[in-house]
Amino acid sequence: MDPSSEQGLLSSDTVSEVGEDAAATVNMTENLSEEEQEELRKELAKVEEEIQTLSQVLAAKEKHLAEIKRKLGINSLQELRQNITKGWQDVTSTSAYKKTSETLSQAGQKASAAFSSVGSVITKKLEDVKNSSTFKSFEEKVENLKSKVGGAKPAGGDFGEVLNSAANASSTETITEQIQEETQ
C-alpha cells in the first residue's frame with residue numbers, strides 16, 4: 001500500500017463550521033469542481049435563509065405566546081407553580097417513588113405496631129406493680145394515715161384522692177401544732 005492511501009484512510013474529513021478559518025476551507029474546495037462548488041454555495045445560502053426565517057418565526061411565536069399568557073393573567077410565579085406541580089406529579093407517578101412510598105408505609109405500620117406493643121407492655125407492668133404486695137402495703141399505710149389524719153371519712157377511694165387528703169391533713173396538723181405551741 002502506498003503512503004498516500006494510508007493517509008487517506010487515517011485522516012478524517014471535517015465539515016466546516018460557519019466562521020472557521022478560510023484557509024481550512026480552501027483545501028476542501030480543491031477537490032470539488034466549479035459546478036459542485038456553485039451548487040453547494042446555493043444550498044448554503046438556502047439553508048442560511050431557512051434558518052433566518054425559522055428564527056423569525058420562532059421569535060414571533062414566542063411574542064404571541066407571551067401576549068396570550070398576559071391576557072390570561074399567567075405570570076412567572078404561576079408558571080413556576082404549575083411546573084412544580086407537574087414535576088411533583090411526574091415524580092409521584094414513577095415506580096421508584098411508589099416503591100419508596102410503599103416501603104415507608106410498611107415501616108410506619110411496623111413502628112406503630114411496635115409502639116403499641118410497648119404501650120401494652122408498660123400498661124401490664126404498671127398493673128403488675130399495682131397488684132404487687134409492696135404496693136398494696138404502701139396503699140394500706142396511706143389509708144391508715146388518711147384515716148388518722150382525716151377523721152371518720154370512709155376508707156377507700158381513688159389513690160390520688162388519698163394522697164391529696166394525706167398531704168392536706170399533714171399540713172393542717174402542722175398548723176394546729178404551731179397554734180398550740182404559741183398559746184402555751
Side-chain angles (χ1 to χ4, degrees), residues 1 3-130 135 157-164 167-168:
M1 234 186 232
S4 64
S5 65
E6 286 179 19
Q7 183 66 19
L9 292 174
L10 296 176
S11 69
S12 61
D13 291 339
T14 58
V15 176
S16 300
E17 293 289 329
V18 175
E20 272 193 8
D21 189 41
T25 59
V26 170
N27 291 338
M28 292 293 290
T29 58
E30 290 176 3
N31 298 336
L32 299 175
S33 68
E34 284 292 322
E35 191 176 295
E36 289 173 328
Q37 288 179 14
E38 186 59 34
E39 190 177 317
L40 286 174
R41 283 189 193 106
K42 287 179 183 178
E43 188 176 343
L44 176 64
K46 181 181 175 184
V47 171
E48 286 177 340
E49 186 180 319
E50 287 175 354
I51 290 171
Q52 182 65 30
T53 303
L54 290 173
S55 295
Q56 291 171 353
V57 169
L58 179 61
K61 294 278 185 187
E62 287 176 340
K63 185 176 179 182
H64 185 64
L65 174 71
E67 187 178 319
I68 291 171
K69 285 181 178 181
R70 184 186 56 77
K71 286 179 181 177
L72 290 173
I74 298 173
N75 59 29
S76 299
L77 183 59
Q78 288 172 328
E79 279 187 83
L80 178 64
R81 245 186 253 140
Q82 289 172 351
N83 289 341
I84 289 172
T85 301
K86 184 178 181 333
W88 180 247
Q89 288 172 346
D90 291 347
V91 166
T92 58
S93 66
T94 63
S95 62
Y97 176 84
K98 289 177 183 175
K99 287 178 184 177
T100 303
S101 178
E102 235 174 70
T103 302
L104 290 175
S105 176
Q106 290 172 357
Q109 290 171 354
K110 288 178 182 178
S112 177
F115 287 133
S116 177
S117 66
V118 166
S120 298
V121 168
I122 291 172
T123 302
K124 185 178 182 325
K125 290 293 180 185
L126 288 175
E127 288 288 325
D128 291 347
V129 167
K130 188 175 177 184
F135 187 80
D158 184 73
F159 181 67
E161 290 175 10
V162 173
L163 286 177
N164 285 336
N168 289 337

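Side chains are part of it too, since the values below use all heavy atoms of this structure and drop only hydrogens, waters and symmetry mates.
Side chain of Glu62 to backbone of Ala59: no donor-acceptor contact under 3.5 angstrom is found. Using modelled atom types, one side-chain atom of Thr100 and one backbone atom of Ala96 make a donor-acceptor pair closer than 3.5 Å. Using modelled atom types, no side-chain atom of Ser112 and backbone atom of Gly108 make a donor-acceptor pair closer than 3.5 Å.
Taking every heavy atom of both residues into account, Asn31 and Glu36 meet most closely at O-OE1, 4.4 Å.
To the nearest 0.5 Å, atom OG1 of residue Thr85 and atom CG of residue Leu80 are 9.0 Å apart. To the nearest 0.5 Å, atoms CG (Leu40) and CD (Glu35) are separated by 11.0 Å. Of the inter-residue distances, the one linking Asn75 atom CG with Arg81 atom CZ reads 7.5 Å to the nearest 0.5 angstrom. Atoms CG and CD, on Leu77 and Gln82 in that order, are 10.0 Å from each other to the nearest 0.5 Å. Atoms OG and NZ, from Ser105 and Lys98 in turn, are 15.0 Å apart once rounded to the nearest 0.5 Å. For the atom pair NZ (Lys46) and CG (Leu44), the distance works out to 12.5 Å, reported to the nearest 0.5 Å.
Other residues, nucleotides and ligands place more than 12 heavy atoms under 6.0 Å from the CD atom of Glu79. By the 6.0 Å contact criterion, CD on Gln56 is enclosed, its count of non-hydrogen atoms from other residues, nucleotides or ligands being greater than 12. The environment of Glu50 atom CD is dense: over 12 non-hydrogen atoms of other residues, nucleotides or ligands sit within 6.0 angstrom.
At a threshold of 4.0 Å, the pair Glu67-Lys71 counts as salt-bridged, since one of the basic side-chain nitrogens sits closer than that to a carboxylate oxygen.
Residues satisfying the salt bridge (charged side-chain N to carboxylate O under 4.0 Å, His left out) criterion with Lys86, sequence neighbours excluded, are Asp90.
Residues Val129 and Lys125 are not in side-chain contact: their nearest non-hydrogen atoms beyond the backbone lie 4.5 Å or more apart.
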